[in-house]
Amino acid sequence: MPRFTLNDLDNMVLGTIENNSVFYTLRERTSAINEAIRIINLHTGFLRASVEMPGWSVANRSVYDMPASILIPLRMEYEGRYLHPIGLRAIGNAYPEWRKETTAGTGAAVARWVRLGLKRIAVHPAPSIGGQDMLFYGVAEPPLLVNPTDTVPLNDELADEIKDYAGHILPLKEGGAIFAAASLYYQEFIRKRKKTEQWTSMKWPAYFVETKVAQ
């Protein structure tokens, strides 16, 4: 995947605001670009990474904090084996005492993992021996772009969506006809997002701009 620098993205965003780099400062443009990257990454998961659990497994412990660099876990390996993902309700129905069960007590290997909100996961049964390798693959925290040469991996379509998102965010401080015109970038952003977003239940907030009709 090609990489775009902050400067590349900034030049694209400037085109949506008539190259007005005085009223819309570099700091504001950079903030809007970073916000757009985070929003789009949550929708598409285009930034992914594999991260080891710091400290590995702990004996008889089932619940673990997610590594900070993973936003949304998608797969989990335990000692090189993929674990089966299972929902919290499903594991409660299938294994009512799952929080108390260990590999020594059940005679079974660690076989499944459960998402517990956004920050924690659990494994079942809990490992009776600590120090085992736990590897997560999932949507990663985007890098914060600060310097003009800082880069992020993007395809052309996603870079164009960043332009649209930032192009509608920046004129919020102006209002009036300028903001009304910029709202078209928001509609375009939503149109493009609906094609590839991962979450089918996503409901986009809508707003409508009223314009005065000359008398």
Side-chain angles (χ1 to χ4, degrees), residues 1-4 34-146 150-155 157-158 161-162 193-205:
M1 185 178 292
R3 302 188 73 90
F4 282 75
N34 280 305
E35 179 180 335
I37 291 171
R38 276 153 177 73
I39 293 292
I40 294 170
N41 187 47
L42 286 175
H43 290 168
T44 64
F46 73 89
L47 285 174
R48 302 194 178 187
S50 296
V51 180
E52 287 190 345
M53 173 70 73
W56 303 286
S57 67
V58 177
N60 301 316
R61 179 177 172 181
S62 61
V63 177
Y64 296 84
D65 292 331
M66 280 294 305
S69 56
I70 294 291
L71 294 177
I72 304 172
L74 301 174
R75 293 200 302 269
M76 180 180 175
E77 286 184 29
Y78 185 88
E79 284 293 285
R81 294 181 293 106
Y82 281 114
L83 300 185
H84 175 69
I86 186 171
L88 186 58
R89 178 179 296 180
I91 196 172
N93 290 335
Y95 306 94
E97 301 294 320
W98 70 274
R99 284 296 308 276
K100 301 177 181 179
E101 293 173 344
T102 66
T103 54
T106 62
V110 178
R112 54 199 64 86
W113 69 284
V114 189
R115 291 190 183 95
L116 302 176
L118 296 177
K119 297 297 184 181
R120 290 185 173 183
I121 62 94
V123 295
H124 176 257
S128 297
I129 300 175
Q132 305 298 303
D133 186 48
M134 301 167 69
L135 182 69
F136 292 91
Y137 173 79
V139 180
E141 178 75 31
L144 184 65
L145 304 184
V146 177
D150 290 347
T151 63
V152 61
L154 294 169
N155 59 36
E157 290 78 10
L158 292 179
E161 290 179 24
I162 290 172
R193 273 296 75 248
K194 285 182 177 180
K195 291 182 178 180
T196 55
E197 66 189 20
Q198 298 294 305
W199 324 120
T200 56
S201 61
M202 171 70 183
K203 301 298 183 185
W204 283 95

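Only heavy atoms go into these numbers, but all of them, side chains included; no hydrogens, no water, no symmetry mates.
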Rounded to the nearest 0.5 Å, the CG atom of Asn60 sits from the CD atom of Glu101 at a distance of 13.0 Å
Closest approach of Val114 and Gly87, non-hydrogen atoms and distance?
-> CG1-C, 4.0 Å
Could you tell me the separation between the CZ atom of Arg112 and the OH atom of Tyr95, rounded to the nearest 0.5 Å?
-> 3.5 Å
Report yes if the side chains of Trp113 and Pro85 come closer than 4.5 Å at any heavy-atom pair, otherwise no.
-> yes
Is there a donor-acceptor pair under 3.5 Å between the side chain of Arg120 and the backbone N or O of Val63?
-> no
Taking Arg48 for its side chain and Gly45 for its backbone only, find out whether a donor-acceptor pair lies under 3.5 Å.
-> yes
Given side chains that start at C-beta, do those of His124 and Leu83 come closer than 4.5 Å, heavy atoms only?
-> no
So, for Gln132 and Trp56, which heavy atoms are closest and what is the spacing to 0.1 Å?
-> O-CB, 3.1 Å
Atom pair CE (Met76) and CE (Met53), whose distance is rounded to the nearest 0.5 Å = 6.0 Å
Got more than 12 heavy atoms from elsewhere within 6.0 Å of CG, Leu144?
-> yes
Minimum heavy-atom distance between Ala49 and Ile70, given as atom pair plus value = O-CD1, 3.6 Å
Would you confirm whether Tyr64, through its side chain, and Val58, through its main-chain N or O, come within 3.5 Å as a donor-acceptor pair?
-> yes
Kindly indicate whether the side chain of Leu42, heavy atoms from C-beta on, has any atom under 4.5 Å from the side chain of Val139.
-> no
Just how far is it from atom CD1 of Ile121 to atom CG of Asp65, taken to the nearest 0.5 Å?
-> 9.5 Å
Give a yes or no on whether the backbone of Tyr82 and the side-chain of Glu77 come within a donor-acceptor separation of less than 3.5 Å.
-> no
Between CD1 of Ile40 and CD of Glu35, what distance do you get to the nearest 0.5 Å?
-> 10.5 Å
Is Thr103 reaching over with its side chain to a backbone N or O of Val110, donor-acceptor style, under 3.5 angstrom?
-> no
Which atom of Tyr78 lies closest to which atom of Ile129, heavy atoms considered | OH-O, 4.2 Å
Note: Pro142 and Ile37 closest approach over all heavy atoms is CB-CG2, 3.7 Å
Closest approach of Leu47 to Asn41 (non-hydrogen atoms, all atoms of both residues) | N-OD1, 3.0 Å
Verdict with reasoning, Trp98 to Thr106, per side-chain contact (heavy atoms from CB on, under 4.5 Å) | CA-CA 10 Å; Trp98 70 274; Thr106 62; over 6 Å; no
Heavy atoms from other residues, nucleotides or ligands near CZ of Arg61 exceed 12 (cutoff 6.0 Å) = yes
After noting the C-alpha distance and the side-chain angles of Phe4 and Ile162, does the key distance pass the side-chain contact (heavy atoms from CB on, under 4.5 Å) rule?
-> CA-CA 11 Å; Phe4 282 75; Ile162 290 172; over 6 Å; no
From CG (Leu118) to CG (Leu71), nearest 0.5 Å = 9.0 Å
